[in-house]
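Sequence lines set the chain letters: A, B, ... in the order given, protein chains first and strands last, and positions in each chain run from 1. Predicted model only: the values in this text are computed from it and were never measured.
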2 protein chains.
Amino acid sequence: MRQETRREEIINTAAKLFKEKGYSAVTMRDLAAEMGIKAASLYNHISSKQEILKEIIISLAENFTKGMQNIKQANISNIDKLEKVVQLHVDITANNTYGMASLNNDWMHLEEKRDYYLALRAAYENDFRNVLIDGVNKGEIVNVNIEVMLFSVLSTLRSLYLWIPKKEDLDTQLLSSQLSKVLINGINI
Amino acid sequence: MRQETRREEIINTAAKLFKEKGYSAVTMRDLAAEMGIKAASLYNHISSKQEILKEIIISLAENFTKGMQNIKQANISNIDKLEKVVQLHVDITANNTYGMASLNNDWMHLEEKRDYYLALRAAYENDFRNVLIDGVNKGEIVNVNIEVMLFSVLSTLRSLYLWIPKKEDLDTQLLSSQLSKVLINGINI
DNA sequence: CCATTAAACTAACACTTGTTAGTTTGCTTG
DNA sequence: CAAGCAAACTAACAAGTGTTAGTTTAATGG
């Protein structure tokens, strides 16, 4: 386990506070107090509050993009692809529960990188949609409204950060497989 | 269609802005500008920024509570109860897309009413959980991890506000039935 | 036509915000 | 030991914050 730099400590602490109160409600003085230093000292390590948010969100978004690239070009069924997507979300979220809150709720405060983030997200949703469409065409997935299926599954995956921290010793493998079953097969007998 | 009071106009406009930027990032001057007046003039109609948030969130939360009371005491199967819950979410969200964003993301800024909100939400989740448990016990619902099923379905329903506004002429009845199918039966063949 | 009233206004307040400049502290290493 | 440096500090700033006080405006109804 590599040692965290001071900069990374600040970013991780910020992510935690951003999850609790949202980006706008967290002041640089709040963040400094949580680190046990004065606000001005933060600027030895980061260049602005903006930059902290950017670091949190963009790295996560790029992780999702990378994961999706691998999955879409794999030579497996579309149901299997969906299971891989579920696992991708569980893994990334388990490793950065705090950051996922910012990704979901504070991306609109990104300013310069906002459009880049939105482009990544749109591409991701589109890749996801294509898995569903191909699955329907090949008879692997039931033929109901694609947008409703996309919305339903993706909403659950995007909300994972709200639930994962509650678990103590999380078995990501187990959660991922249970979640896949529920999302794919539903809940009725 | 009853005429909106000036107060209600302010609260609805605030909800719209809160959805776009979050409660903390919206200033009273932003809100006033959107209404075409000066910030100080808002205080002829509301007593504080806090109060606006409270009005938005608490009324919605109480609507959910009321709806759940009706559903839990109905003499129908647990699967039917779930369908009613889906419809409840679709109806409330379709009628107040903006407010639902605050309910989901800004409840932590409620201050005095925060604990009351959290109590309502915990009770709601518990009623929801009991429908699932009773369904499993009666063999209507598959016996997998209750918390995973609860999380999955509730996350989708709570995220509805992000998707509903995109539809132009929304048929809530249709959306509700499609969503129920996906959530209950899953997406595979 | 005058009194009332809803709803706007201007001006100002005390405080908080992100950030900068310049300085001090205390380790690490040649 | 001296030099270098990472990382803290104090002090201050300009702008923005929610809110109050007191005043003006324009429409309404007896």
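Qualifying side-chain contact (heavy atoms from CB on, under 4.5 Å) partners for A:Asn126, counting only residues two or more places apart in sequence or in other chains: A:Arg129, A:Asn130. With sequence neighbours excluded, the residues satisfying side-chain contact (heavy atoms from CB on, under 4.5 Å) with B:Lys181 are B:Ser177, B:Asn185. Qualifying salt bridge (charged side-chain N to carboxylate O under 4.0 Å, His left out) partners for A:Arg7, counting only residues two or more places apart in sequence or in other chains: A:Glu51, A:Glu55. B:Tyr124 meets the ring-ring contact (aromatic ring centres under 6.0 Å, His included) test with B:Phe64, B:His89; sequence neighbours excluded. In this structure, the ring-ring contact (aromatic ring centres under 6.0 Å, His included) partners of B:Phe151, at least two apart in sequence or on a different chain, are A:Trp163.
Under the 6.0 Å distance and 45° angle rule, A:Lys113 counts as a cation-pi partner of A:Tyr116. Relative to the ring axis of B:Tyr23, B:Lys49 places its NZ or CZ within 45° and under 6.0 Å from the centre.
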Which atom pairs link the protein and nucleotides 20-29 of chain C when you take only N or O atoms and keep those under 3.5 Å?
none

Could I get a table of every N or O pair under 3.5 Å where one atom is in the protein and the other is in nucleotides 24-27 of chain D?
none

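If you measure from atom CG of A:Leu42 to atom P of D:dA8, you get 9 Å, rounded to the nearest angstrom. Between the CD1 atom of B:Ile10 and the P atom of C:dA6 there is a distance of 14 Å, rounded to whole Å. Atom pair B:Ile52:CD1 and D:dT17:P shows a separation of 15 Å (rounding to whole Å applied). Atom CE of A:Met35 and atom C1' of D:dA7 are 11 Å apart (whole Å). With rounding to whole Å, B:Glu9 atom CD is found 13 Å from C:dA6 atom C1'. Atom NZ in A:Lys38 sits roughly 14 Å away from atom C1' in D:dA12 (whole-Å rounding). Computed from coordinates, the B:Ile37 CD1 to C:dT10 C1' distance equals 14 Å when rounded to whole Å.
In this structure, B:Tyr98 places its OH atom where only 12 or fewer heavy-atom neighbours from other residues, nucleotides or ligands lie under 6.0 Å away.
Shown for residues 24-34 of chain B: residues whose heavy atoms fall under 4.0 angstrom of DNA chain D, namely B:Val26, B:Thr27, B:Met28, B:Arg29. Within a heavy-atom distance below 4.0 Å of DNA chain C, no residue of residues 109-116 of chain B is found.
Applying the ring pair (Phe, Tyr, Trp, His ring centres under 6.0 Å) test to pairs two or more places apart or on separate chains, none has a residue in residues 65-84 of chain B. Applying the salt bridge (charged side-chain N to carboxylate O under 4.0 Å, His left out) definition to pairs two or more places apart or across chains, those involving residues 61-84 of chain B are B:Lys72-B:Asp127.
A salt bridge between A:Arg158 and A:Glu125 is present, with a side-chain N of the basic residue lying under 4.0 Å from a carboxylate O of the acidic one.
For the residue pair B:Thr156 / A:Ser155, no side-chain donor-acceptor distance below 3.5 Å is found, with atom types taken as modelled.
OP1 or OP2 of D:dA8 sits under 4.0 Å from a side-chain N or O of A:Arg6. A sub-4.0 Å separation between OP1 or OP2 of D:dC9 and a side-chain N or O of A:Ser41 is present.
Looking at B:Leu160, B:Leu157, B:Leu175 one by one, the single match for side-chain contact (heavy atoms from CB on, under 4.5 Å) with B:Val86 turns out to be B:Leu157.
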Show me the donor-acceptor pairs, under 3.5 Å and distance only, between side chains in residues 34-46 of chain A and residues at least two apart or in other chains.
unit_1	atom_1	unit_2	atom_2	d
A:Glu34	OE2	A:Lys16	NZ	3.0
A:Ser41	OG	A:Lys38	O	3.4

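Which of C:dT19, C:dC9, D:dA8 sits closest to the side chain of A:His45 comes down to D:dA8. The side chain of B:Lys49 approaches D:dG18 more closely than any other nucleotide in the set D:dT10, C:dT19, D:dG18.
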